[in-house]
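Below: the structure, in C-alpha cells.
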Amino acid sequence: MKHQLIFTILLVVTTFCYQAIGKANPFNGTVSPLIDTLNVADFSAIANDTKEDSQAFQTAIDAAARLRLPLLIPAGKFYIKDVELRNYITLIGEGEATVLRKIFSGEFALGCNFSYFTPRSDPTGAFNVKNITITNIAFEGTSTTDGFFQYRHLLNLNGVDNVKVIGCWFKGFNGDGVYVGSDVGVERHSSNIIISQCLFDGYNKENRNGISVIDGRNITIENNCFFNCSRSDMPGAIDVEPDASAYHRVSDIIIAGNYFKNIGGNVETILLVVPLVQSKLNLAVQNIIINKNHIFDVANGIALYQNNIATANTVSHNIFITENLVKNSSGYPLVMYGMGSVTISNNIFDRFKVNVIIGVPDKPFQCYNVLFKNFLVQRNKVNGAAVALGRVNGYFSRNNTFEDIGMTDGKYGIILLGETKGESSNVQSINDIVTGNTTTAFSQINPGHDTQKQLNEFVPSVAGKAYKNWFPFKN
C-alpha cells in the first residue's frame, strides 16, 4: 500500500509540474521509477474472506498493464468472475496457495475478447490482446458443487497473441480449464501461445475439456498433467476443434510431453477434429506434432478427424505422432479419417480394447499416405485386430512389432484387418514382426472390403513366426 501511495503522489506531482511548463508528462502513466511490481492487495483485494474481489482485480490489472509492471497475487483464495486481461499483463502467484476461485455465475475467471462483452470481428488482429504471462497461480471452478456447464471456463482467451501460461493449476472446471479461440460467431485469430508445466484436474469429470483450441497458430501444449476429465458426452482432455467456419485457423500445433490419467469423454484424450474439408478453409490444417505423451487408463487415446477426402492432390496435413505411450485404453488407442501425410512412429500401444483404425469404414473420408513404423503394439484386451483399414490410399507399415494380439482363447487375433464396407489401396507391410502366442493370423479381409491386390505388397520379416495372410498382397 505504501508503494502504491508513493507512486500515486509522484505521478500527480510530475503531471502537475509538466503541465505548469506546458509539456506532457513523459512518464505518461507507463513507467514507475520507484517500484517494479504491483500487488492486488494494494487494490483492496482481500484473500480468504469469501467476498467477491472482481473489481479489485480489474483495477489492479488495468493499472499493472498501463504501467507494464508485473502484478503479484499473494497466497490465499480470491473469489472472482469475468475479470478481463489487458495488453502487457504479467500475473504472478505464490504457487498452489494462490487460488482464483471462479464464481459460478461468471462466464470465466480471467479472460479477454469475450464475444458477449465485445461482439466485434477482427480478422486482422488489430484489437487482439497481446503479451500476456500467467504463472504460479491456481484456478478453481465449482464442478463438485455446481456440476457441468459447457461454456463457463476458468481461463478464456479469445483473439490473443504471445501468451504464456506456465506452472498453473486448473481444478474443478465446469467447462474448460483453458479455452483458446475466437469465440462464437466472430472472426478473431489467436497465435503464439504456450501452456506448459500446468496441472489440470477435473475432480469428478463433470467438465468439458482440459484445454480447447478453436482457433490458433503456433500453439505449444507441453509438459502438463491431466487427470479426471471429461464428462461422458464431451470430447476429452485436449480438444483442437475449429468450428465450421472457413476463417478458423488451426495449424503449427505441438502437443508434447504431457501426462494423462483417468480421462473420460466420448472421443479421445488428444483430439483434432475439423468439420470442413481442407479446400474450404482459408488456411488449411497443417503441421501438427503429437510427441512423447503418456496416456494411461483412458477411454480413448489419440484421434484425428476431418470431413475430408485426402488424396495426392489435396493439401497435406503434415502430422507427426511419435514416441507416445497409450496404455489401458477401454476404446481406441488411435483412430483417424480424412488425414493426408501422417507419420506414426516409435509409439507403444499396450492393452487396448478396440483396434487402431485408419479411415473409418462407414464414413467416406479417406486417409492418404500414412506411414506406420517402428511400433510396439501389444496385448489387445479382447479378440480382434491390431490395425483395421477402413478407407485409405497408401498405408505403409514398416518394422513394427506386434505382440500377443488377441486373447488367450486363440479365437481371433490378427495384425491387419480390411474392414467391412471399407476400401484400401497401396497397402504395404514390410518387415513387421509378430511375437507371442495369441495371434492367429497376420491379416484378414472382411466381406465387403474392396482392395487392389496388384498395388499391395507384403515382405515378411526374417524374425518371428510366419502367419497366414488372408489380405490380398501381390506377393
Side-chain angles (χ1 to χ4, degrees), residues 50 52 54 77-83 99-112 114-117 137-158 165 168-185 195 198-215 221 224-244 258-273 275 295-301 303 305 329-332:
T50 72
E52 182 175 350
S54 302
K77 184 175 290 189
F78 300 88
Y79 293 77
I80 66 171
K81 66 178 181 180
D82 301 336
V83 176
V99 180
L100 303 186
R101 171 75 173 224
K102 178 188 171 296
I103 297 170
F104 177 69
S105 62
E107 302 294 340
F108 49 83
L110 297 178
C112 51
F114 185 58
S115 65
Y116 292 176
F117 301 163
I137 295 171
F139 293 77
E140 186 176 68
T142 60
S143 68
T144 56
T145 55
D146 296 308
F148 171 74
F149 201 107
Q150 183 173 357
Y151 301 114
R152 289 182 179 170
H153 315 311
L154 293 180
L155 180 59
N156 193 342
L157 303 172
N158 304 287
V165 182
C168 291
W169 292 257
F170 297 89
K171 303 177 181 181
F173 33 95
N174 307 85
D176 296 338
V178 178
Y179 173 98
V180 177
S182 58
D183 218 355
V184 178
I195 303 171
C198 296
L199 180 142
F200 296 80
D201 190 342
Y203 286 161
N204 57 358
K205 295 184 180 178
E206 286 297 312
N207 24 66
R208 189 165 78 162
N209 309 311
I211 299 174
S212 288
V213 178
I214 308 302
D215 185 296
I221 302 170
N224 304 286
C225 293
F226 297 81
F227 302 98
N228 309 315
C229 58
S230 300
R231 184 179 161 110
S232 61
D233 56 351
M234 292 291 107
I238 298 177
D239 179 23
V240 180
E241 186 173 353
D243 294 331
N258 301 288
Y259 178 92
F260 305 86
K261 189 173 177 63
N262 192 29
I263 305 299
N266 66 346
V267 190
E268 304 291 321
T269 298
I270 300 174
L271 172 66
L272 168 66
V273 55
I295 302 172
F296 295 95
D297 303 328
V298 298
N300 296 293
Y305 300 136
S329 167
S330 60
Y332 305 97

Report task. Fit a plane to each ring of F260 and F226, take the angle between them on a 0 to 90° scale, and name the class: parallel (under 30°), tilted (30 to 60°) or perpendicular (over 60°). Result ->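 Rings of F260 and F226: parallel, as their planes differ by under 30°.
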Evaluate the side-chain proximity of [Y] to [X]: yes if any heavy-atom separation is below 4.5 Å, no if none is.
X    : Y    : value
F173 : V178 : no
I103 : E52  : yes
F108 : Y179 : no
F148 : R208 : yes
I270 : N258 : no
V213 : I238 : no
V165 : L155 : yes
N300 : V267 : no

Working to the nearest 0.5 angstrom, can you tell me the gap between [X] [atom1] and [Y] [atom2]?
X    : Y    : atom1 : atom2 : answer
R231 : S143 : CZ    : OG    : 11.5 Å
I295 : E268 : CD1   : CD    : 9.0 Å
N224 : C198 : CG    : SG    : 5.0 Å
N209 : D176 : CG    : CG    : 5.0 Å
F170 : L100 : CZ    : CG    : 9.5 Å
D201 : C229 : CG    : SG    : 8.0 Å

Looking only at non-hydrogen atoms, find the nearest pair between [X] and [Y] and report the distance.
X    : Y    : value
G264 : A299 : O-CB, 4.0 Å
Q150 : H153 : O-CE1, 3.1 Å
C112 : L157 : SG-CD2, 4.2 Å
A109 : F139 : CB-CD2, 4.4 Å

Taking [X] for the side chain and [Y] for the main chain, is one N or O donor matched with an acceptor at less than 3.5 Å?
X    : Y    : answer
S232 : G265 : no
S230 : K205 : no
E241 : I214 : no
T269 : A237 : no

Requested in this report: Give the intermediate values and the outcome of side chain to side chain contact (heavy atoms under 4.5 Å, CB included) for residues K171 and Y203.
Outcome: CA-CA 7 Å; K171 303 177 181 181; Y203 286 161; 3.1 Å; yes
**Report entry** Carboxylate-amine/guanidinium proximity below 4.0 Å for D297 and K261
**Finding:**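 Yes, charged N to carboxylate O under 4.0 Å.
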Query raised in the report: Among N207, T142, L154, which one satisfies side chain to side chain contact (heavy atoms under 4.5 Å, CB included) with N174?
Result: T142
